[in-house]
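Data block below; observations after.
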Amino acid sequence: MNQLFSAGCATAPTIRQRGQHEVFCGLTSIIWLHRKVQDAFFLIVGSRTCAHLMQSAAGVMIFSEPRFATAIMEERDLAGMADMHDELDRVVDKLLARRPDIGMLVLVASCPSEVIKFDLSKAAERLNRVHAPRHRVLCYSGSGIETTFTQGEDNFLSALIGEAPRPQSPADAARLVIAGCLPDVVEDQLARLVSELGIEKVHFLPGRRSSAMPVVGPQTRFILAQPYLGAAAAALETRGARRIDAIFPLGEEGTTAWLQAIATAFGVSAGRFHEVTAAPRKRARAALAHYLPWLEGRRIFFFPDSQLEPSLARFLAREAGAEIVEVGSPYLHRDHAAGELALLPAGVALSEGQDVDRQIERCRASDPDLIVCGMGLANPFEAEGRLTKWSIEFAFTPIHGYEQAGDLAELFARPLRRNALLDTGLTAGQGASCS
Ligand code: SF4
């Protein structure tokens, strides 16, 4: 079913599609979440399919004894011949005996566990009673029925926020919560900038340790560092925390606008803001300039993947001079994406959800210079002589903040440059070096 909705912004109406889609389920977000929260263990309650997905998506990481695993439901579980709760308790006991360093055990629901209505929240409550305080146990859904790719992180964060301590007095509450999983290097840079603006009691969510939980109450302001956090934002608002509205910190413009929104909310003077941001802004612009010859005027088509697409398209259009043909997103949170959508050039097609065959037809008809899509579509498009960029890299690579603005542009420039190298040869000194 395809429907047209007005986007309420400068762009063309949104193409809303429901049909065959080529996206990851929310389990895949465990791959970056387990690296971020260093004492958490993610136990998927699922099938061999889920285990295979994680094995393929994690790549070489699976050889480094990662902090995630799948409790595979066997036929006797599905047939009701075994008590699933007893089975899970046994697996958890074994796991915690083997890995006593686990501070937080996260049970992750999958399609099979949801289809048979296995109540993981009940299991988490029970296991928590047995194993807390040494090991906290919580749960969320990463199933393909409920979630697409980054929405797994959204559900995890909202489960975490449910556990956040409540303030005993107004002075206890965190002043600013920055929500959204960021690589440590990016978190450190943003933390330094926010601290230089003079803002104290700032917490990143998720923290690096499961015990690093912010106290959240009506005195707390929060800002999203990632665009896919609808449920997490709602959970924070339920606690009375107020959202600072901003576009997302991608590129020089995005990072400045994001920091400016924080500065305005906390009454930081314009002089101080300029002092703190002038040098990194200059560095970001210089790094970006390097890649502009590869991106200016290029026509780019985004397939839906992570909900980062509107922000990436805004960055490419406004900071790199690219032309955006279509921005696909698995889901558009109208409030959170409003700033990004308003900055997209007029005429950009927006699509929400997916009917992949129709989208492939639109993409072929528009014949873009670069297609940002998943790995399932990339090589077939390349075989047609089209250039692609794997969208999953935007979820795994540090791309937020000033110091990463050049790296973000490079991710888009790389396939264009590689193609030039392979097809026509590059003259010495032309363009930037891309690995
Ligand atoms: S959760 Fe569902 S979509 Fe994801 S791997 Fe398991 S069965 Fe597949």
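One-based numbering, in listed order, for ligands and for the atoms of each. The model shown is predicted, which means the values in this text are computed figures rather than measured ones.
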Given a cut-off of 2.8 Å, the protein N, O or S atoms lying below it from atom 4 (Fe) of ligand 1 are Cys25 SG
Got a sec, which residues hit ring-ring contact (aromatic ring centres under 6.0 Å, His included) with His203, two or more places apart in sequence or on another chain?
none
So among Trp32, Phe42, Tyr228, which one has a ring pair (Phe, Tyr, Trp, His ring centres under 6.0 Å) with Phe156?
Phe42
A side-chain contact here means heavy atoms from C-beta on lying under 4.5 Å apart; do Glu326 and Ser366 qualify?
no
So, does Gln404 use its side chain to make a donor-acceptor pair with the main chain of Val186 at under 3.5 Å?
no
N-O pairing of Lys389 and Asp305 below 4.0 Å
no
Is Arg386 close to Asp367 at the side-chain level, that is, under 4.5 Å between some pair of heavy atoms?
yes
